[in-house]
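Contents: one structure, followed by commentary.
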Amino acid sequence: MDAYYKYLNMLINKNKTAFSSYNINWINPGDIDFYQNKRAELLKADRMQYLFNDTKPFYKAISPGCRICGEGNWSCLFINGRCNANCFYCPAPQTSDDPPISQGLTFETAESYSEYINYF
């Protein structure tokens with residue numbers, strides 16, 4: 001496990017250098033379990049609210065990006081349901097090989113998504 005944490009630390013340090021202008025607070029790999037458990041607790045809390053068919057969890061106020069997306073003023077295409085980022089705050093399941101999807105609509109090809117966007 002020690003080699004794994006060294007590898008994660010190397011990736012974090014590389015990203016800190018590459019993205020230093022973005023002022024991102026990177027999580028220490030040793031804290032990942034703590035934050036994933038905290039996320040699970042927060043998502044189960046009574047004070048949590050959900051919008052847009054329960055796809056946007058929030059507490060007190062929904063983020064502007066989530067609101068714009070949920071209202072249909074932004075289109076984001078998820079190529080599949082698999083993601084290797086494993087962001088602790090992400091509400092989306094990240095373990096399936098689904099076809100491309102946006103706003104709950106499935107697109108079998110990139111071309112069909114492009115036609116959808118061009119239509120609007």
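We count residues from 1, following the sequence as given.
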Worksheet item: Which pairs pass salt bridge (Lys or Arg N to Asp or Glu O under 4.0 Å) with one or both residues in residues 58-70, sequence neighbours excluded?
Response: Arg67-Glu71
Discussion item. I need the minimum non-hydrogen distance between Lys56 and Gly70, along with the two atoms involved.
Written reply: CE-N, 4.3 Å
Discussion item. Tell me every residue that passes side-chain hydrogen bond (donor to acceptor under 3.5 Å, both in side chains) with Thr106, counting only those two or more places apart in sequence or in another chain.
Written reply: none
Worksheet item: In terms of heavy-atom contacts, does OH of Tyr7 have more than 12 from other residues, nucleotides or ligands at under 6.0 Å?
Response: no
Worksheet item: Roughly how far, to the nearest 0.5 Å, is the CD atom of Gln36 from the CD1 atom of Ile32?
Response: 6.5 Å
Item to complete: Rounded to the nearest 0.5 Å, what's the gap from CG on Asn118 to CD on Glu111? Could you check?
Response: 11.5 Å
Fill in: Tyr50 with Ile62, same ILVMFWY side-chain cluster at under 4.5 Å
no
Discussion item. Looking at Asp33, is its backbone amide N or carbonyl O close enough to the side chain of Asn37 to form a donor-acceptor pair, meaning the two atoms are under 3.5 Å apart?
Written reply: yes
Item to complete: Could you grab the distance from atom CE of Met48 to atom OH of Tyr59, nearest 0.5 Å is fine?
Response: 10.0 Å
Fill in: Aromatic plane relationship, Tyr113 with Phe107 - under 30° parallel, 30 to 60° tilted, over 60° perpendicular
perpendicular
Practice prompt. Could you give me the CA-CA distance, side-chain angles and deciding distance for Asn13 and Lys16, then say whether side chain to side chain contact (heavy atoms under 4.5 Å, CB included) is met?
Written response: CA-CA 5 Å; Asn13 289 330; Lys16 281 182 181 178; 4.1 Å; yes
Discussion item. Quick check for you: to the nearest 0.5 Å, what is the distance between Leu43 atom CG and Lys38 atom NZ?
Written reply: 11.5 Å
Worksheet item: So if you build clusters from Ile, Leu, Val, Met, Phe, Trp, Tyr with side-chain heavy-atom gaps below 4.5 Å, do Leu42 and Phe58 land together?
Response: no
